[in-house]
**Student:** 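Below are the structure tokens for one structure; questions will follow.
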Amino acid sequence: MKDKLDDILKDFQNRVVSISSIQKLEDLKVEFLGKKGALTSVLKNLKNVAPEERGIVGKLANQIKVSINGEIVAKRAEIENNLVNEKIASEWLDVTLNSSKSQLGGIHPISKIQYEIEDIFMSLGFSVLDGPHIETDYYNFEALNIPADHPARDMQDTFYFDNGAILRTHTSAIQVRGMEKIKPPFKVIGPGRVFRVERTDASHEAAFHQLEGMVVGEGINVANLISTMKTLLREIFKKDVEVRLRPGFFPFVEPGFELDISCLICNGKGCSVCKQSGWVELMPCGMVHPNVLKHGGIDTEKYSGFAFGLGMDRLVMMRYKIEDIRHFHSGDLRFSGQFV
Ligand code: DAH
């Protein structure tokens with residue numbers, strides 16, 4: 001009987017070493033210690049053992065039960081420990097490794113130049129105004145002395161909503177809005193996005209950017225207009241830029257001018273941006289028409305003013321030598337990433 005008990009222990013010990021899963025360990029436990037287990041059947045047969053040996057065998061059987069239990073507990077801990085180690089090994093992360101380079105957002109070149117120009121104007125005493133993209137016919141056209149039959153109102157140029165509202169076609173729409181808020185003398189600019197029904201090409205987009213400027217005060221004249229424009233261009237391009245002034249017609253100014261600068265992409269030689277002319281129309285401008293001042297509630301006997309509209313996209317193209325306006329809205333990170 002004693003030998004049999006020893007064999008049970010040895011058998012258990014031989015088998016337990018190769019076990020590597022909790023389930024198999026449980027099965028082994030049942031096999032040895034369960035109701036029908038090897039050790040249990042020995043204990044059940046204890047009554048057949050001679051009375052003088054019964055105590056010794058019973059004691060030994062209990063000792064073996066205790067050792068088997070102990071070994072099972074130890075084995076379970078070992079298996080669980082291994083599982084944890086395996087998990088750690090498989091999920092191991094080297095936090096000292098270089099991470100892949102993250103893409104940093106940047107400021108769009110148009111916004112960048114816009115902020116720069118706002119700073120220049122603010123240093124000259126201008127305030128910055130804002131206006132809505134969705135405008136009324138009144139502010140976009142009528143208040144600006146643009147008669148109902150003017151070609152600018154043509155469906156081909158203007159995006160109309162069903163309710164008669166429009167997408168503003170120029171930042172000049174902020175002029176009368178501005179005059180309703182601020183009383184002269186004043187100097188304001190209004191930068192923003194404008195929209196026109198356009199066939200796109202290297203220099204035309206349906207959505208583009210302008211910066212409107214307006215100065216109203218006593219005795220404001222063309223000389224003030226020209227000197228302000230020159231100062232501005234020198235500040236923007238950080239050098240004296242060749243300019244030319246041509247007469248231009250806009251219903252909201254009288255007289256009106258077209259201010260061109262020599263193309264900085266081709267140095268005046270001719271390219272796709274300047275349409276081979278060597279000149280780029282940059283800033284239409286003029287003396288504010290009295291009808292416009294009247295719509296703004298301004299006394300035209302006392303005050304006069306000038307206004308200008310800066311084509312932001314072209315300016316940025318000149319500044320960074322960008323040959324195609326369509327890059328601006330392309331969303332191509334290879335383009336915008338250059339201005340970060
Ligand atoms: N609003 C005009 C346009 O988009 C540009 C313009 C011309 C603005 C003359 C002005 C101006 O302020 O005086 O074509």
**Student:** Please tell me if the side chains of Y138 and T136 come closer than 4.5 Å, counting only heavy atoms from C-beta onward.
**Tutor:**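 Yes. Closest side-chain heavy atoms under 4.5 Å.
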**Student:** Quickly, which of L310, L211, V194 forms a side chain to side chain contact (heavy atoms under 4.5 Å, CB included) with T171? Name it, please.
**Tutor:** V194
**Student:** Using modelled atom types only, decide if a donor and an acceptor are shared between the side chain of T40 and the backbone of K36 within a distance under 3.5 Å.
**Tutor:** no
**Student:** Pair M312, I117 - check side-chain contact (heavy atoms from CB on, under 4.5 Å), show working.
**Tutor:** CA-CA 10 Å; M312 291 287 289; I117 294 176; 3.9 Å; yes
**Student:** Mark yes or no for whether N224, through its side chain, and N221, through its backbone, hold a donor-acceptor pair below 3.5 Å.
**Tutor:**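 Flag set: sc N224 to bb N221 pair under 3.5 Å.
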**Student:** Just by modelled atom types, is the E235 backbone N or O under 3.5 Å from a matching donor or acceptor in the K239 side chain?
**Tutor:** no
**Student:** Please check if the side chain of D260 supplies one atom and the backbone of R246 the other of a donor-acceptor pair under 3.5 Å.
**Tutor:** no
**Student:** With distance as the sole test, does S304 use its side chain to make a donor-acceptor pair with the main-chain N or O of I220 at under 3.5 Å?
**Tutor:**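 Pair found, side chain donor or acceptor close to backbone of I220.
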**Student:** Under a 4.5 Å cut-off applied to non-hydrogen side-chain atoms, are L293 and V216 in contact?
**Tutor:**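 The answer is yes, as the side chains (C-beta and beyond) meet within the 4.5 Å cut-off.
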**Student:** So for atom NZ, which belongs to K238, do other residues, nucleotides or ligands contribute more than 12 heavy atoms lying within a distance under 6.0 Å?
**Tutor:**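 Yes, the 6.0 Å shell around NZ holds more than 12 heavy atoms from other groups.
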**Student:** Are the charged groups of R326 and E198 less than 4.0 angstrom apart, N to O?
**Tutor:**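 Result for this pair is no, no salt bridge flagged.
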**Student:** Can you check whether F250 and H289 have ring centres sitting under 6.0 Å from each other?
**Tutor:** no
**Student:** For a quick test of reading the model, state the closest non-hydrogen atom pair linking L129 to P191 and the distance between them.
**Tutor:** O-CD, 3.5 Å
**Student:** Just so I know, are the side chains of I120 and F126 near enough to count as touching, which here means a heavy-atom distance under 4.5 Å?
**Tutor:** no
**Student:** So V316 and H209, do their side chains get closer than 4.5 Å, heavy atoms only?
**Tutor:**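 The answer is no, as the side chains (C-beta and beyond) never meet within the 4.5 Å cut-off.
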**Student:** Nearest heavy-atom pair of L259 and C285: which atoms, and what distance?
**Tutor:**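 Closest pair (atom of L259, atom of C285, distance): CB-SG, 4.5 Å.
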**Student:** Could you tell me whether a side-chain N or O of K29 sits under 3.5 Å from a main-chain N or O of I72, the two making a donor and an acceptor?
**Tutor:** no
**Student:** Has K4 got more than 12 heavy atoms of other residues, nucleotides or ligands less than 6.0 Å from its NZ?
**Tutor:** no
**Student:** Mark yes or no for whether K75, through its side chain, and V17, through its backbone, hold a donor-acceptor pair below 3.5 Å.
**Tutor:** yes
**Student:** Quick check: does any side chain N or O of N145 sit under 3.5 Å from a backbone N or O of P251, one acting as donor and the other as acceptor?
**Tutor:** yes
**Student:** Tell me yes or no: between the side chains of E86 and N82, is some donor less than 3.5 Å from an acceptor?
**Tutor:**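 Absent: no donor and acceptor within the cut-off.
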**Student:** Among D157, T158, N140, which residue meets the side chain to side chain donor-acceptor pair (under 3.5 Å) test with T169?
**Tutor:** N140
**Student:** Using a strict cut-off of less than 4.0 Å between a Lys/Arg side-chain nitrogen and an Asp/Glu carboxylate oxygen, indicate whether E135 and R177 qualify as a salt bridge.
**Tutor:**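 Between R177 and E135 there is a salt bridge, with a charged N closer than 4.0 Å to a carboxylate O.
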**Student:** Which label fits H108 and F328: parallel for a plane angle under 30°, tilted from 30 to 60°, or perpendicular past 60°?
**Tutor:** tilted
**Student:** Any chance CG of D94 has more than 12 other-residue heavy atoms, nucleotides or ligands included, within less than 6.0 Å?
**Tutor:** yes
**Student:** Is there a side-chain contact between M283 and L315 (heavy atoms, below 4.5 Å)?
**Tutor:** no
**Student:** Determine the minimum heavy-atom distance between Y115 and I107, stating which atoms define it.
**Tutor:** CE1-CG2, 4.1 Å
**Student:** Strictly distance-based, threshold 3.5 Å: is any side-chain N or O of R76 a donor or acceptor partner for the main-chain N or O of I22?
**Tutor:** no
**Student:** Flag the pair V241 / I236 as yes when at least one side-chain heavy-atom distance between them is below 4.5 Å, and no otherwise.
**Tutor:** no
**Student:** Is the CD atom of E116 crowded by more than 12 outside heavy atoms at less than 6.0 Å?
**Tutor:** yes
**Student:** Check whether the ring centres of F12 and F32 lie less than 6.0 Å apart, and answer yes or no.
**Tutor:**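 F12 vs F32: aromatic centres under 6.0 Å.
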**Student:** Please tabulate, one pair per line, all N/O donor-acceptor pairs under 3.5 Å involving side-chain atoms of residues 264-272, not counting sequence neighbours.
**Tutor:**
none

**Student:** Which of parallel (below 30°), tilted (30 to 60°) and perpendicular (above 60°) describes H327 and F335?
**Tutor:** parallel
**Student:** Which pair of non-hydrogen atoms, one from D299 and one from E301, has the smallest distance, and what is that distance?
**Tutor:** OD1-N, 3.0 Å
**Student:** Just by modelled atom types, is the S172 backbone N or O under 3.5 Å from a matching donor or acceptor in the E212 side chain?
**Tutor:** yes
**Student:** Of all the heavy-atom pairs spanning V280 and C274, show the shortest one and how long it is.
**Tutor:**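 Closest approach of V280 to C274, heavy atoms only: CG2-CB, 3.8 Å.
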**Student:** Which heavy atom of I8 sits nearest a heavy atom of A38, and at what distance?
**Tutor:** CD1-O, 3.8 Å
